[in-house]
Amino acid sequence: MRLSRLWVQIPTSGSSVRLSGFCPGPRPHAYFRCSYCDSRTLILKDGGGGPFWVGAAGGSDNMAGRDRIVHLLKQLERAACRCPAHSHTFHQGAAAAGGRKTDYAFEMASSNIRYGAGVSAEVGMDLQNLGAQNVCLMTDRTLTRLPPMQAVLESLVRNRVRFQVFDDVRVEPTDSSFKEAISFAKTDSFDVFVAVGGGSVIDTCKAANLYSCHPDADFLDFVNAPIGKGRPVTRALKPLIAVPTTAGTGSETTGVAIFDYEPLKAKTGIASRALRPTLGIVDPLHTLSMPERVAANSGFDVLCHALESYTALPYSQRAPCPTNPINRPAYQGSNPISDVWSRHALSVVSKYMKRAVRDSEDLEARSSMHLASVFAGIGFGNAGVHLCHGMSYPIAGNVKTHTARGYSVEHPLVPHGLSVVLTAPAVFSFTAPMCPERHLEAAEILGADVRQVKRADAGAVLADTLRRFLFDLQVEDGLGAVGYDKDDIPALVKGTLPQERVTKLSPRAHTEEDLSRLFETSMKLY
């Protein structure tokens, strides 16, 4: 076999990178290793109809023609090496946006966050500083009697802030309950919004703010496609201060508002950076009033936010590439900055969640979980989630008679965090082949010993680790325990299909048959 050595200089910004390799005889491919990142060997196919012979530097025998060199360089540009020198993520921005199929950039966005025990007492001063003249204060009926709401009311009264209260927020809101809040917001000229509650309250307040600033908009104008029109928000909204009382949704950091769309019995939402709260006031004292199961289900939401965002499709593989940055979605795919927040949130969950659930007076644990919710919110608020959340929406939307422990509601309910985590073992077993290292890292953070584990077993190890975690926290034994059976699977799959805003971020492509198997596997956990 004759080997011909090749050196190619690839120019980068201010420097160049050398690719070295060899062409093994008449075979129509070559092998290269990048000197910039020392990436794995690249396999390049020669489409020229025969062997190419490239001489060594300095001019040895059988030099390839200019057209063959050009052909080879074009293949190098498309090769799998991911270093900044020549990967598909390294482009001149404007040029890339014009011709690429997948994105080449990501951006980070988050609300301002203020954290501290008792910091809710400052909200009245914040409203004064904003020059608020007429504040819309939203909460739910249970919270009106609890310390978090009382602390906020005292601050507003003490600072002589004029406000009106809307306390008809529904836990797990619907399009109808959103519309009721929107109608209230349109009744007066509110100049600032304040939300005191969990994700349901904060999301409802976001929607009320959005539509009161767009009084002529149809409700579906801003709702995510394909259910709604998914139009971008181009008008500035009023300031919104979020005071989260649960440690789970991370809604105080994101531009997303989720609700049940009753005509389809499935969850959908509105996603725009314009919806982000101006300020999130994270007061760990508020978490002390959470019942045990509310703490557990809120924590499961944090767990899945972290896991899904860390294992999501990389931002550079998400399509389409926006032709205008205003069209870049809030959920962009995993990226280096979101990874930091998601991994750290997962570490906090591993260390503190069981303590936080089991002891409502463990201020350290509950404070840590409150921060973990923020960390995961920043992570998934920019990277996104995928199958656990996409599949959770019909689980919550098609609930029949299940009564949720620890929730003071009059309607059947599968709490959001529970609906998300019930499919987690099946989902991560399914997605692991696409990024086994990340799945193994997640399992290790959650306490698994992965030193002798093969990459091929990453999904099984993470799934087993999650099952043990859920069993220790007394989670219901799968979808069957919350009222579903195999006959419900077609409806659950149908309700998942419109959730492409999140499901398309799964690192592994999936079919309706795949979704059916995931639901079937999730009917029983233990």
Side-chain angles (χ1 to χ4, degrees), residues 247-248 250 295-312 334 338-359 362 364-380 383 385-389 391-392 417-478 506-508 518 521-522 525-526:
N297 293 327
S298 298
F300 294 139
D301 205 15
V302 179
L303 171 67
C304 289
H305 285 158
L307 284 173
E308 290 174 73
S309 59
Y310 189 55
T311 58
S334 62
S338 287
D339 287 350
V340 174
W341 293 101
S342 299
R343 277 198 305 264
H344 186 60
L346 196 59
S347 297
V348 176
V349 168
S350 178
K351 183 176 181 179
Y352 289 107
M353 183 172 168
K354 291 179 183 179
R355 283 174 48 185
V357 171
R358 292 166 178 166
D359 184 358
D362 188 338
E364 180 187 22
R366 291 217 164 181
S367 298
S368 296
M369 284 301 298
H370 212 17
L371 271 180
S373 175
V374 175
F375 299 154
I378 297 172
F380 93 86
V385 288
H386 54 84
L387 289 178
C388 291
H389 271 76
M391 295 170 66
S392 79
L418 178 61
S419 70
V420 169
V421 83
L422 288 175
T423 62
V427 164
F428 292 110
S429 182
F430 174 77
T431 57
M434 304 310 297
C435 45
E437 295 87 355
R438 290 192 172 220
H439 287 68
L440 284 175
E441 184 179 2
E444 184 175 31
I445 291 172
L446 291 172
D449 183 353
V450 301
R451 288 173 294 180
Q452 304 298 321
V453 176
K454 298 178 181 179
R455 286 160 45 98
D457 297 327
V461 170
L462 180 54
D464 287 345
T465 303
L466 287 169
R467 288 189 188 95
R468 287 193 296 271
F469 194 83
L470 302 187
F471 183 81
D472 288 347
L473 289 170
Q474 301 178 351
V475 173
E476 287 85 342
D477 189 11
S506 168
R508 181 177 177 182
L518 291 173
T521 303
S522 301
L525 288 179
Y526 314 122

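In what follows, every heavy atom counts, from backbone to side chain, and hydrogens, waters and symmetry copies are set aside.
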Participant: When rounded to the nearest 0.5 angstrom, what is the spacing between CG in L462 and CG in D457?
Facilitator: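 Result: 12.5 Å between the selected atoms.
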Participant: Just by distance, do the side chain of S350 and the backbone of L346 share a donor-acceptor pair under 3.5 Å?
Facilitator: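 Side chain of S350 to backbone of L346: no pair is present.
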Participant: Could you pull out all residues at least two apart from R358 that satisfy side chain to side chain donor-acceptor pair (under 3.5 Å)?
Facilitator: none
Participant: I'd like a table of donor-acceptor pairs (distance under 3.5 Å, sequence neighbours excluded) in which one partner is a side-chain atom from residues 439-447, with atom names and distances.
Facilitator:
unit_1: H439; atom_1: ND1; unit_2: C435; atom_2: O; d: 2.9
unit_1: H439; atom_1: NE2; unit_2: T431; atom_2: OG1; d: 2.8
unit_1: H439; atom_1: NE2; unit_2: A432; atom_2: N; d: 3.4
unit_1: E441; atom_1: OE1; unit_2: Y310; atom_2: OH; d: 2.5

Participant: Any idea which heavy atoms bring A365 and A356 closest together, and the distance?
Facilitator: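 For A365 and A356, the tightest heavy-atom pair comes out as CB-N, 3.6 Å.
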Participant: Do S373 side-chain atoms and G250 backbone N/O form a donor-acceptor pair below 3.5 Å?
Facilitator: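 Yes, because the side chain of S373 sits within donor-acceptor range (under 3.5 Å) of the backbone of G250.
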Participant: In terms of side-chain heavy atoms, does S338 have a donor or acceptor partner in S309 at a distance below 3.5 Å?
Facilitator: no
Participant: For the atom pair CZ (F469) and CG (D472), what is the distance rounded to the nearest 0.5 Å?
Facilitator: 8.0 Å
Participant: Mind checking the CG-SG spacing from L387 to C304? Nearest 0.5 Å is all I need.
Facilitator: 11.5 Å
Participant: Strictly distance-based, threshold 3.5 Å: is any side-chain N or O of D477 a donor or acceptor partner for the main-chain N or O of L525?
Facilitator: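 Indeed, once roles are kept as given, a pair shorter than 3.5 Å links the two residues.
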Participant: Hey, can you pull the donor-acceptor pairs under 3.5 Å for the side chains in residues 417-430, sequence neighbours left out?
Facilitator:
unit_1: S419; atom_1: OG; unit_2: H416; atom_2: O; d: 2.7
unit_1: T423; atom_1: OG1; unit_2: V420; atom_2: O; d: 3.3

Participant: Any chance you could measure R366, atom CZ, to M353, atom CE, to the nearest 0.5 Å?
Facilitator: 10.5 Å
Participant: Would you mind reporting whether L470 and F300 have side-chain heavy atoms less than 4.5 Å apart?
Facilitator: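 The answer is yes, as the side chains (C-beta and beyond) meet within the 4.5 Å cut-off.
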Participant: Got R355 and S368 here, is their nearest side-chain heavy-atom distance under 4.5 Å?
Facilitator: no
Participant: What is the minimum heavy-atom distance between M369 and G299, and which atoms define it?
Facilitator: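 Scanning both residues completely, I find the closest heavy atoms to be CE-CA, 3.9 Å.
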Participant: Does the S334 side chain pair with the main chain of A312, one donor and one acceptor, at a distance under 3.5 Å?
Facilitator: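 Yes; judged by distance alone, with no hydrogens or angles, the pair exists.
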Participant: So does K351 have more than 12 non-hydrogen atoms from other groups sitting under 6.0 Å from NZ?
Facilitator: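 Atom NZ in K351 is not crowded, with 12 or fewer foreign heavy atoms closer than 6.0 Å.
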Participant: Determine the minimum heavy-atom distance between E308 and C388, stating which atoms define it.
Facilitator: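 Nearest pair, atom of E308 first, then C388: OE2-CB, 3.1 Å.
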Participant: Could you pull out the closest heavy-atom pair between V302 and A372, with the gap in Å?
Facilitator: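 Closest approach of V302 to A372, heavy atoms only: CG1-O, 3.7 Å.
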Participant: Under 4.5 Å between any side-chain heavy atoms of F380 and H389, yes or no?
Facilitator: no
Participant: Closer than 3.5 angstrom, by distance alone: can the side chain of H305 be matched with the main-chain N or O of D301 as a donor-acceptor pair?
Facilitator: yes
Participant: For the NE2 atom of H386 and the CZ atom of R508, what is their distance to the nearest 0.5 Å?
Facilitator: 12.5 Å
Participant: So F471 and Y526, would you call those rings parallel, tilted or perpendicular, with 30° and 60° as cut-offs?
Facilitator: perpendicular
